[in-house]
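Right, one structure below, let's go through it.
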Amino acid sequence: MTRAEKRQAFWERNRKSGGYLLKKKIGQWLFSLGRAILIFGLCFLILQPLLQKLCVSFMAEIDLYDNTITSVPRHFSTISFGNAWRQFKGIKTFIRSLWLAVGVAGLQMLSCTLVGYGFARFKFPLKKFLFGCVILMLIVPPTTIITPLYLYFGNFDIFGIIGAITGTHKGLNLQGLAIPYLLMCATCAGYKAGLYIYMMRQHFRNEPKELEEAAYVDGCGRLRTFFQILLPGARPMMVSCFLFAFVWQWTDQIYTRVFFPTAKWDLVSTKLLNIGNLFDGENKAKYGVAYVTPQAYMNQVMATGTLIALVPLLVIYIVAQRSFVESISQSGIKG
Amino acid sequence: MSEEKTLNAADIEELAGDVAAEATEVAGAAEDSATEALDAAKQEADNVVDGVFAEAGDAAEVAASALEEAPEQSAAEMFPSAESAAKKLSYGSPKKAKNLARGNAIAGFLFVLPFIIGFLLFLVYPLGMSVRMAFSKVSATSNGLTYTWVGAFNANANFYKIFRVETDFLEALVEELKRMALFVPGILVFSFFMATLLNQEFKGRTAVRAIYFLPVILASGVFLGVEANNPLITNMKDLVKANNSAADITKTLEDILLTGETGNKFFQYVIDIVGQVYDIAMASGIQIIVFLSGLQTIPPSMYEAAKMEGCTAWESFWKITFPLIGSMILVNVVYTLVDFFTRTDSKLMTLINDTLLIRFEYGKVAAMSWTYFLIVAAFLGLVFAIFSRRVYYYD
């Protein structure tokens, strides 16, 4: 059918329906248009700070002091990338941060999946009370417990067991090591672990009971049922948990500041937080103590540093976005 | 009957499993069976099932052989009896049921064990220490920290200081609560609206979704801290705003709407939310994901069935989408509240961090965080009391 024929057929149908078809078509079209405008506007709203940073990072120093330049640089330059990269102390910082984030996120994901399943599917005494404890853990602001935790890991001991083994009657000093925080993650006490437990529990609760009943009837044990029947269905939710944990570890400043002090650990997040001061220090070393780095120049390094620290997250995000959102509907026997 | 059985629960479960498994196999090859064979086999199978129930010991073999002898058995005929037999066997006697319940309880405890350990070691213990700090004067000496008990109401107490002597804590707290009343409903409505929008079919949907979840990364931890400390970018935003003030839609709308006398407060509230739309959008990335994942678990067949029955889109939203997304709403309310209270860029958190990291007043920090924490807990308790009974679980 050619286009003209199609058009003719449309008008014919429209005449038969008494103008209803045309009205409906126009309504649909207007709805799509309105939606497109809304979506575009909100997308721009979210991307604007990122675009702004990108523009600023490509400006030459002279552009930064020019009030007439707000977005597109007049003198193109990539010097700020070098400036920012030096403050991170190179690729090693990134690799270290990456390993730490993967470890933290993996441990959190595994422990929270187990615990979430336990809460969702088994009846045991004190269950309600324990779940109340999960919520409690979720809402305790980290600042409340961070100081005691720090002191605790300076002299780490579980009911005097470690002291008895080593024979010194003193705990281990774990300050500045990665073990304390990894231990916390493995026991569901890491940053926002309560949220992951909640998410996994909610997921398993919405899973149909028939899945497990069928497995039990077929002679599957509880562990095997969990690993073979329920885990494959829970994968999208686990990926979500992992990604959240990864991102929040990468950008975390609350726990990182205390557990991974800058003296011993070069991490992306702590470097980024101090990038302005580091840059200032570098300039002072170069031009003498009296030199004061201009505020705008310092801010440019901050913007560029933010972009550099964002790149790994963006890559992971773009790669995993599909499994993040789309696959949720394809899991299990839903739909 | 049951007391004569010598088998344990596991064996019986296995046996029941065998019966059901056989039945399923049989169902596969059943389509072209003859009616006579069907009747005979059914009779036989029923006998077998009775036998299983009477003498569980050798019933498994009989059942298996009987099922092998009757491969033409129809699925529809065979299934109910086999299934009911399985049920009878698993939960047949109270003793077995008790064993099952106990096994479940033990398994449940083992699954939850990591959390219990973490909770006791890394939450209860530090919380206890911080209570002690809140009621003590903490001073650093060469041997570490020393605690002197000061109580809560006298002039030296931390609580007395933060509430009666210094004003900044109370001020920050009140401001925080006011912002919460504005933000939490705003975030919930916005994220639900966005999730329904992103759940529709349109061109470039994947890209748009990807952009909407970006705030999860962009508005987290350090990035927020750096952004807040970056005057150049803030200045630029102000500049853009100042240049476009004539075209400020919210302001114009506000002027039009607020000239009337009625409903001022409500309009002011809505306008405040609209004015904060950037902050709301940046804070609602996760909520959108949660809502969207909830929307996607609703089977499309439900909507099709509703449409066949003559439901409009409006009706199927309230009768299908809304109840099924209920558990997600609860998740999001809890998450939004918690996220709001623990975010690092609030005035209150800055105050707490400064007191901790710059002034080293551990006692005061503990008192502040405990006050704050108790308020958060009260709010969440309220939310749970209202919502958790009304949430509907689809299973």
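Of the possible polar contacts, one joining the A/Gln300 side chain to the A/Met59 backbone as a donor-acceptor pair under 3.5 Å is found. A distance-only check finds no donor-acceptor pair linking the side chain of A/Ser57 to the backbone of A/Ala303 [under 3.5 Å]. The backbone N or O of A/Tyr255 sits less than 3.5 Å from a side-chain atom of A/Asp252, completing a donor-acceptor pair. Side-chain N or O atoms of A/Trp250 include one that pairs as donor or acceptor with a backbone N or O of A/Ala309 at under 3.5 Å.
Considering only heavy-atom pairs separated by less than 4.5 Å from chain B, the leading option among A/Val247, A/Val140, A/Leu195, A/Thr270 is A/Val140. Most heavy-atom pairs under 4.5 Å with chain B, from the set A/Ile146, A/Leu38, A/Leu114, A/Leu314: that is A/Leu114. Of the listed residues B/Val124, B/Leu214, B/Leu295, the one with more heavy-atom pairs under 4.5 angstrom with chain A than any other is B/Leu214. By number of non-hydrogen pairs under 4.5 angstrom with chain B, the leading residue of A/Ala189, A/Gly190, A/Pro148 is A/Pro148. Your options are A/Leu136, A/Leu42, A/Leu130, and the one with the most heavy-atom pairs under 4.5 Å with chain B is A/Leu42. Between chain A and the residues B/Ala281, B/Gly103, B/Pro215, the largest count of heavy-atom pairs under 4.5 Å involves B/Gly103. Heavy-atom pairs under 4.5 Å with chain B were tallied for A/Ser32, A/Pro180, A/Ser269; the largest tally goes to A/Ser269. The greatest number of non-hydrogen atom pairs below 4.5 Å with chain A, out of B/Gly204, B/Ser130, B/Gly128, is found for B/Ser130. The residue among A/Val134, A/Thr256, A/Thr113, A/Ile197 with the most heavy atom pairs within less than 4.5 Å of chain B is A/Val134. Across B/Ile117, B/Leu110, B/Val365, B/Leu127, the residue that shares the most heavy-atom pairs under 4.5 angstrom with chain A is B/Leu127.
Within the 6.0 Å centre-distance limit, the rings of A/Phe226 and B/Phe111 are counted as a close aromatic pair.
Residues A/Ile39 and B/Tyr212 come closest through the heavy atom pair O-OH, 3.4 Å.
Taking the six-membered ring where the residue is Trp, A/Phe44 and A/Phe40 present parallel rings, their angle staying beneath 30° rather than reaching 60°. Classified by interplanar angle (parallel below 30°, tilted 30° to 60°, perpendicular above 60°), the ring pair A/Phe122/A/Tyr117 is perpendicular.
Between the side chains of B/Gln200 and A/Arg35, at least one donor-acceptor pair of N or O atoms lies under 3.5 Å. When only modelled atom types and interatomic distance are considered, A/Arg222 and B/Asn104 share a side-chain donor-acceptor pair under 3.5 Å.
Residue B/Met368 does not touch chain A at all, counting heavy-atom pairs closer than 4.5 Å. Looking at A/Lys192, the atoms closer than 4.5 Å to chain B (heavy atoms on both sides) all sit in the side chain, from C-beta outward. Contact annotation for B/Leu380: only side-chain heavy atoms (C-beta onward) come within less than 4.5 Å of a heavy atom of chain A. With a 4.5 angstrom heavy-atom cutoff, B/Phe190 touches chain A only via side-chain atoms. For A/Leu47, the part lying near chain B is the side chain, with the backbone staying farther off; criterion is any non-hydrogen pair under 4.5 Å. If you measure heavy-atom distances from B/Ala377 to chain A, the contacts under 4.5 Å come from both the backbone and the side chain. Only the side chain of B/Phe193 comes within contact range of chain A, with heavy atoms under 4.5 Å apart. No part of A/Ala36 comes within reach of chain B, as not one of its non-hydrogen atoms sits under 4.5 angstrom from that chain. With a 4.5 Å cut-off on non-hydrogen atoms, B/Ile106 does not touch chain A at all. Of the atoms belonging to B/Tyr335, it is side-chain heavy atoms, and not backbone ones, that fall under 4.5 Å from chain A.
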Given side-chain contact (heavy atoms from CB on, under 4.5 Å), test A/Lys53 with A/Thr304 step by step and report yes or no. CA-CA 7 Å; A/Lys53 279 198 186 70; A/Thr304 316; over 6 Å; no
Give the C-alpha distance, both sets of side-chain angles, the deciding distance and a yes or no for ring pair (Phe, Tyr, Trp, His ring centres under 6.0 Å) between A/Phe119 and A/Phe204. CA-CA 9 Å; A/Phe119 275 121; A/Phe204 285 124; over 10 Å; no
